[in-house]
2 protein chains.
Amino acid sequence: MNLSFTEENYLKAIFHLNYPVNENVGTNAISEALNTRAASVTDMLKKLAEKELINYEKYQGVSLTDFGQKKAITIVRKHRLWEVFLVDKLNFKWDEVHDIAEELEHINSETLINRLEAFLDFPKRDPHGDPIPDKDGVIRSQELIPVSKLKVGDSGVISGVREHSADFLKYLEKTGLILGETLSIAEIVKFDSSVMVKIKKNQQMISREVAKNLLIAL
Amino acid sequence: MNLSFTEENYLKAIFHLNYPVNENVGTNAISEALNTRAASVTDMLKKLAEKELINYEKYQGVSLTDFGQKKAITIVRKHRLWEVFLVDKLNFKWDEVHDIAEELEHINSETLINRLEAFLDFPKRDPHGDPIPDKDGVIRSQELIPVSKLKVGDSGVISGVREHSADFLKYLEKTGLILGETLSIAEIVKFDSSVMVKIKKNQQMISREVAKNLLIAL
DNA sequence: ATTGTTTTTTAGATTAATCTAAAAATAATG
DNA sequence: CATTATTTTTAGATTAATCTAAAAAACAAT
Ligand SMILES: [Mn+2]
Ligand SMILES: [Mn+2]
Ligand SMILES: [Mn+2]
Ligand SMILES: [Mn+2]
């Protein structure tokens, strides 16, 4: 079955909203994620349910069917592979690729995406540390912990972000909080839960907000 | 101004239909090229005229404005650069790339396409021999002549095709009529204008239909 | 249990892109 | 040039995706 861009965007939004937990997603959550009105979402949910892509019962929220999940994962796979292409081959920065990938993810060709994956040497993660689903839709995700959950003395490798806005990514880049760097916790400020972190020989303070959105592999 | 995929496809169709001649294009010609009904075309022409992308007067056919021409050329540029990418980097065959490029050509990012061009080493022609417009929309086209216009004894380099169907391209590939090969005319059959051509040491017969669609640089 | 708040759905419109059927304009032909 | 044939446009509908305003259901809190 061939889906419209819009339908694909809905599926992907639902996927992200209930991953990895599998709770039902509400209409309002989707409408916020997609910048549409709740009424529009209801209409679309009916259509997606009709196509057996989601499980939908009035007023109860939705979840993806296996079929819908498969479709959603394919879109995520394409999105992330294209991001790798943009960064690795075309020298885009990690804060510049999202919108372009948002369009490229809808290009329709399984061969294309499999060849792209091979061309990129089967990357495991995208430029933001997010895992790339394989051809069969399997996601090998590593457990990552936000800096805000660490204790003084803990250390680990910066491996992902929870927030993908260009502003946040640029901030991280500028202050050296880059994927792959080893980070340790020097101090947690009682007053506002700011965190003093150490990377290489440098110490720097990050806000709790930043700490919550920066993910570490232990 | 941001155009829809549909609007872009109309502009490109109009461009191809009156290139390089600059005669007005009729409604029916467009409707055939795009597989839509003439009535739909009329509606769209009004909209494109409203946006000053085409010159349109009822019953008189249309031509692109400078602005529309610029837009159309950008789409052609993107189409052809993506085709080069698919063939050169992802190992697609020249008969497999058209449909995918048909989608990729609508991805919206000037930076993307300029970087892609650099990544591909500024190719001058796409896999079918068609010239790639530069960043400023300039098309450096070489004069190509169909084999059907040549005389016995003439020779030149196979440099393009007039027909882009996969069937035709596969046929050429299989029979060794490949871009870059030098071809000469051994004989023209009086009866049906079939042409005996010579490539390397091999002679082979091609129909007039094929001869009309195979282009040679002298 | 009643009332108030939030979430979700329905009702009714709108816009883009398409279609069929029929009318109008243009082009071709005897 | 009058008549036919072809091309193009209009009229009127349809489908997808959206919206606003209002009703209905679900949830929360006295
Ligand atoms: Mn998208
Ligand atoms: Mn990403
Ligand atoms: Mn296209
Ligand atoms: Mn081409």
Side-chain angles (χ1 to χ4, degrees), chain A residues 1-18 21 23-64 68 71-72 75 102-103 105-106 108, chain B residues 1-18 21 23-64 68 71-72 75 102-103 105-106 108:
Chain A
M1 192 192 340
N2 249 22
L3 302 177
S4 69
F5 282 28
T6 308
E7 291 170 319
E8 290 194 346
N9 284 335
Y10 272 86
L11 288 182
K12 191 171 61 131
I14 295 167
F15 175 81
H16 285 310
L17 285 168
N18 79 354
V21 196
E23 280 174 339
N24 274 16
V25 179
T27 303
N28 272 340
I30 299 169
S31 88
E32 267 177 53
L34 294 175
N35 267 297
T36 54
R37 297 311 188 138
S40 313
V41 174
T42 300
D43 285 346
M44 181 56 84
L45 294 184
K46 285 180 189 163
K47 193 162 48 134
L48 296 176
E50 191 54 49
K51 297 189 176 186
E52 309 200 50
L53 292 156
I54 61 174
N55 306 114
Y56 172 57
E57 278 186 274
K58 263 192 194 178
Y59 294 103
Q60 299 314 128
V62 296
S63 63
L64 295 169
K71 290 281 185 187
I75 302 161
E102 203 60 44
E103 297 188 38
E105 72 190 359
H106 304 289
N108 228 323
Chain B
M1 192 189 348
N2 248 21
L3 302 176
S4 69
F5 282 28
T6 309
E7 290 170 322
E8 290 194 346
N9 284 334
Y10 272 88
L11 288 181
K12 191 172 61 133
I14 295 166
F15 175 81
H16 285 310
L17 286 167
N18 79 354
V21 196
E23 279 174 340
N24 274 15
V25 180
T27 302
N28 273 340
I30 299 170
S31 89
E32 267 177 54
L34 294 176
N35 267 295
T36 53
R37 297 314 191 129
S40 313
V41 173
T42 300
D43 285 346
M44 181 58 84
L45 293 183
K46 286 181 191 163
K47 191 160 51 130
L48 295 176
E50 191 56 46
K51 296 189 176 186
E52 310 201 49
L53 292 156
I54 61 174
N55 307 113
Y56 172 57
E57 278 185 276
K58 264 191 191 181
Y59 295 103
Q60 299 315 127
V62 296
S63 62
L64 296 170
K71 290 280 185 189
I75 303 161
E102 204 59 44
E103 298 187 38
E105 72 191 358
H106 303 290
N108 229 321

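Note that the structure is predicted; figures quoted are calculated from it, not measured. Heavy-atom basis, side chains included; hydrogens, waters and symmetry copies ignored.
Expressed to the nearest 0.5 Å, how far NE2 of B:His106 lies from CG of B:Asn9 amounts to 3.5 Å. Within the model, atoms NZ of B:Lys12 and CZ of B:Phe5 stand 12.0 Å from one another, a figure rounded to the nearest 0.5 Å.
Residue B:Asn28 places at least one side-chain N or O closer than 4.0 Å to OP1 or OP2 of D:dT8. The side chain of A:Tyr10 contributes no N or O atom lying less than 4.0 Å from OP1 or OP2 of D:dA16. For the pair B:Lys46 and D:dT10, the criterion of a side-chain N or O lying under 4.0 Å from OP1 or OP2 is met. Within the structure, a side-chain polar atom (N or O) of A:Thr27 is placed less than 4.0 Å from OP1 or OP2 of C:dT9.
Remark: P of C:dT7 and CD1 of A:Ile30 are 14 Å apart, rounded to the nearest angstrom. The CG-P distance, from B:Leu17 to D:dT7, rounds to 15 Å in whole Å. The CD atom of A:Glu7 sits 10 Å away from the P atom of D:dT18 (whole-angstrom rounding). Rounding to whole angstrom units, CE of residue A:Met44 and P of D:dT15 are separated by 16 Å. We find that CG of A:Leu45 is positioned 12 Å from P of D:dT18, with the value rounded to whole Å. Atom CD of A:Glu32 is separated from atom P of C:dT6 by 14 Å (rounded to the nearest Å).
Among residues two or more places apart in sequence or in another chain, the side-chain hydrogen bond (donor to acceptor under 3.5 Å, both in side chains) test is passed with B:Lys51 by B:Glu7.
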A correct 5'-to-3' footprint of nucleotides 19-27 of chain D, with B, S and - meaning base, sugar-phosphate only and no protein heavy atom under 4.0 Å, is BBB--BSS-
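Between B:Ile54 and B:Leu11 there is a side-chain heavy-atom pair separated by less than 4.5 Å. For the pair A:Val62 and A:Ile30, the minimum side-chain heavy-atom distance is below 4.5 Å. At least one side-chain heavy atom of B:Leu53 sits less than 4.5 Å from a side-chain heavy atom of B:Leu3.
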Distance-only criterion, 3.5 Å: show the donor-acceptor pairs between side-chain atoms of residues 33-44 of chain B and protein atoms not counting sequence neighbours.
from, atom 1, to, atom 2, distance (Å)
B:Thr42, OG1, B:Ala38, O, 3.3

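Between B:Gly26 and A:Phe5, it is B:Gly26 whose nearest contact on DNA chain D lies nearer the 5' terminus.
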